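Residue numbers count from 1 along this sequence. Small disclaimer: the values here were computed from a predicted structure and weren't measured.
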Amino acid sequence: MVTILISRMRSPFSLKQEFLKKWILGLQRCRSSKKNMSIFERKKVIKLSADVAVASARKGITCWSRALIADAVKEGNADKHLAEKILGPASERQPTEKVPVGAMAYNKRIRSKKIPKRGSVIRRTIKCAPQAARPSSIVKRLVGKRRQILRSLIPGGEFMNGVSLIEETLDYIISLRAQVDVMRSLASASKLVNLN
């Protein structure tokens, strides 16, 4: 499992390069389509193009990147036209890479083990009801709440099991970190240009 995770991750430098290339391309496509944009429209374009660029830089390897792109281009989304402009026509988009079969099979095995038998759940609740709350049950409840919060933060997280949620979270954090680093570099470079 660790080797699958390591093979899916790229070096931060190449991720930053890919993000910057896709982000600039997306901003150019949006700028060429509409010359006079309000501040609100510019903010929207920058955010959407950054999100789509960081997702497409991962080339569809991760669930979160596929979820971000699918959410951006889904029907009924106000930004669908803008997202398609950033991504380019469907014929130009790179095909998404498949997740290794071993990782999918591993996740299915984990999921199938966690499904309790119907009768055992009822018996456990009856046995535990008269006793005081055990520390292990409190810990499980707290971990469950934190897992739900994490699922709400990661794009597509609501469909992930515990193991894949952790893997996707790590990859998402690395990608967001690369995005922040590139944006900081551009901001500091523009300050230097403005000072001169």
Side-chain angles (χ1 to χ4, degrees), residues 1-16 18-19 47-48 50-79 83 96-184:
M1 179 179 76
V2 175
T3 56
I4 293 170
L5 181 62
I6 291 170
S7 68
R8 283 172 47 184
M9 291 188 183
R10 296 165 57 183
S11 74
F13 183 72
S14 67
L15 187 61
K16 288 176 189 178
E18 191 71 25
F19 165 71
K47 183 185 180 330
L48 181 67
D51 287 346
V52 170
V54 78
S56 63
R58 295 300 290 137
K59 295 187 172 88
I61 296 173
T62 58
C63 294
W64 68 263
S65 62
R66 290 190 300 268
L68 255 180
I69 291 172
D71 189 45
V73 296
K74 75 179 177 185
E75 292 297 324
N77 187 356
D79 301 326
T96 58
E97 296 178 22
K98 299 285 184 188
V99 176
V101 177
M104 289 171 53
Y106 178 77
N107 290 340
K108 286 180 184 173
R109 270 198 313 271
I110 297 259
R111 231 180 276 136
S112 64
K113 284 182 182 177
K114 288 186 178 179
I115 299 173
K117 293 179 183 174
R118 188 174 186 183
S120 65
V121 173
I122 294 169
R123 273 187 248 122
R124 273 192 218 131
T125 55
I126 292 170
K127 286 181 183 176
C128 293
Q131 297 176 355
R134 294 181 181 165
S136 62
S137 66
I138 294 171
V139 169
K140 285 181 184 177
R141 202 171 328 124
L142 287 174
V143 168
K145 284 181 182 178
R146 300 257 163 83
R147 188 180 301 133
Q148 282 305 112
I149 292 169
L150 189 57
R151 281 192 172 116
S152 68
L153 293 173
I154 304 300
E158 60 273 6
F159 304 111
M160 297 176 202
N161 65 13
V163 174
S164 60
L165 181 65
I166 297 298
E167 290 176 354
E168 294 286 326
T169 301
L170 290 172
D171 192 74
Y172 189 53
I173 289 169
I174 289 169
S175 298
L176 288 179
R177 184 67 196 175
Q179 182 183 27
V180 168
D181 289 346
V182 168
M183 290 179 160
R184 274 193 185 141

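- To the nearest 0.5 angstrom, L165 atom CG is 9.5 Å from L170 atom CG.
- In this structure, S152 and E158 have side chains that are not in contact, with every pair of non-hydrogen atoms separated by 4.5 Å or more.
- Remark: V143 pairs with V139, R147 by the side chain to side chain contact (heavy atoms under 4.5 Å, CB included) rule, at least two apart or across chains.
- The OG1 atom of T169 lies 10.0 Å from the CZ atom of R151; values are rounded to the nearest 0.5 Å.
- Put simply, CZ on R66 and OG on S56 are 14.0 Å apart, with the number rounded to the nearest 0.5 Å.
- In this structure, CG on L176 lies 9.5 Å from CZ on F19, to the nearest 0.5 angstrom.
- Looking at R58 and L15, their side chains come closer than 4.5 Å, going by heavy atoms from C-beta outward.
- The structure places CD1 of I154 at 8.5 Å from CD of E168, a figure rounded to the nearest 0.5 Å.
- In this structure, S175 contributes its side chain and D171 its backbone to a donor-acceptor pair below 3.5 Å.
- Within the 3.5 Å criterion, the main-chain N or O of A57 finds no donor-acceptor partner in the side chain of E18.
- In this structure, L68 and P155 approach most closely via the heavy-atom pair CG-CG, 3.9 Å.
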Walk me through it: do E167 and M160 pass the test side-chain contact (heavy atoms from CB on, under 4.5 Å)?
CA-CA 10 Å; E167 290 176 354; M160 297 176 202; over 6 Å; no
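- Listed by chain and number, the residues in a salt bridge (Lys or Arg N to Asp or Glu O under 4.0 Å) with K140 amount to none (sequence neighbours excluded).
- Residues A55 and S65 approach most closely at O-CB, 3.3 Å, considering heavy atoms.
- In this structure a side-chain-to-backbone donor-acceptor pair under 3.5 Å is missing from Q179 to V54.
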